[in-house]
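In listed order, ligands and their atoms are each counted from 1.
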Amino acid sequence: MLIILLGPPGAGKGTQAELLAAKYQLLHIATGDILRSAVNKGSPLGKKAREFMDKGQLVPGEIVVQAVFEKLEELSDIPGVLFDGFPRTLEQANYLERALKQRGTGIDRAIYIEVPEEELVTRLTGRRVCRECASSYHLKFNQPKVRNVCDRCGGELFQRDDDTLKTVTERLEVFKQQTAPVVDYYRELGLLTVVNGNTEISQVFNQISAALDQR
Ligand code: ADP
Ligand code: AMP
């Protein structure tokens, strides 16, 4: 099962991916998490990626694609993959399609989580993320049991550098310009399911589960 989660920043991709990966035993590949981990390690990839991430712009294609394909090598013993935050451009979508074809497989479903823009700003500026396992929380909408501590692994929660109003505005613009065409691409292929992301986390999860169970 190869699933893509699409949606603007703050739509709830990471939140849903965590729940879906557990339910369907999928490998969760989040390009944002891979890049942040490279930034924290100060690796050459991280240094290059950082300048784009800090500005809210997309990291150039080849760096991201390379990171995704290293992860995909793990594919052989798992039932499937959930792509979160990838592909974000038509170029990445084409690259992914070719690479999967070479492996004799393809995307089963792309899920687009739709959320109005005003709500996205509130979600992103109130987001807190675990330093250890990258789980996502919110100051009001999805609080951890203990303040600033991850429910899942006990890690410390922090605010991402790019979750400021200025960078969020840029990221939403980048989504409209560069990633919205990817949503249309999967729609034209007949692979897209649109879910209402402007509702409770559990209800978004039920909509996506229903779409995956129908396949
Ligand atoms: P993305 O991975 O799409 O950028 P996240 O999953 O990190 O988005 O969610 C962004 C923020 O919104 C987080 O603070 C998260 O806790 C919160 N959130 C996620 N889903 C919902 C929801 N359905 N309702 C309210 N807040 C949500
Ligand atoms: P995210 O964690 O998905 O919100 O991504 C955070 C940042 O990482 C983005 O604003 C981009 O700078 C970068 N990024 C993540 N995924 C990609 C991708 N597929 N292509 C290019 N840049 C990406």
Taking atom NZ of Lys41 as the centre, does the number of heavy atoms from other residues, nucleotides or ligands within less than 6.0 Å exceed 12? no
Only one of Leu6, Leu58, Val64, Val182 passes side chain to side chain contact (heavy atoms under 4.5 Å, CB included) with Arg88; say which it is. Leu58
Under 6.0 Å from the OH atom of Tyr186, do we count more than 12 heavy atoms belonging to anything else shown? yes
Report yes or no: do Gln177 and Glu173 form a side-chain donor-acceptor pair below 3.5 Å? yes
Pairing donors with acceptors under 3.5 angstrom, does anything connect the side chains of Tyr112 and Asp184? no
Answer yes or no: does atom CD of Glu91 have more than 12 heavy-atom neighbours from other residues, nucleotides or ligands under 6.0 Å? no
Inspect the surroundings of CD in Glu51 and state if more than 12 heavy atoms from other residues, nucleotides or ligands are less than 6.0 Å away. yes
Anything with a heavy atom under 4.0 Å from ligand 2 counts, so go ahead and list those protein residues by chain and number. Thr31, Gly32, Leu35, Arg36, Met53, Gln57, Leu58, Val59, Val64, Gly85, Phe86, Arg88, Gln92, Arg160, Asp162, Arg171
Please tabulate, one line per pair, the protein nitrogen or oxygen atoms found under 3.5 angstrom from a nitrogen or oxygen of ligand 1, with distances to 0.1 Å, or say none if there are no such pairs.
residue	atom	partner	partner atom	Å
ligand 1	2 (O)	Gly14	N	2.9
ligand 1	3 (O)	Ala11	N	3.3
ligand 1	3 (O)	Gly12	N	3.0
ligand 1	3 (O)	Lys13	N	2.8
ligand 1	3 (O)	Lys13	NZ	2.8
ligand 1	4 (O)	Gly10	N	2.8
ligand 1	4 (O)	Arg127	NH1	3.0
ligand 1	6 (O)	Gly14	N	3.3
ligand 1	6 (O)	Thr15	N	2.8
ligand 1	6 (O)	Thr15	OG1	2.6
ligand 1	7 (O)	Arg127	NH1	2.6
ligand 1	7 (O)	Ser136	OG	2.7
ligand 1	8 (O)	Gly12	N	3.2
ligand 1	14 (O)	Tyr137	O	2.7
ligand 1	16 (O)	Tyr137	O	3.4
ligand 1	16 (O)	Asn142	ND2	3.4
ligand 1	23 (N)	Thr199	O	2.7
ligand 1	24 (N)	Arg123	NH2	3.4

Within the supplied structure, the quantity of interest is the number of heavy atoms (other residues, nucleotides, ligands) at a distance under 6.0 Å from Arg50 CZ; does it exceed 12? no
Testing the 3.5 Å rule here: is there a donor-acceptor pair between the side chains of Ser135 and Arg152? yes
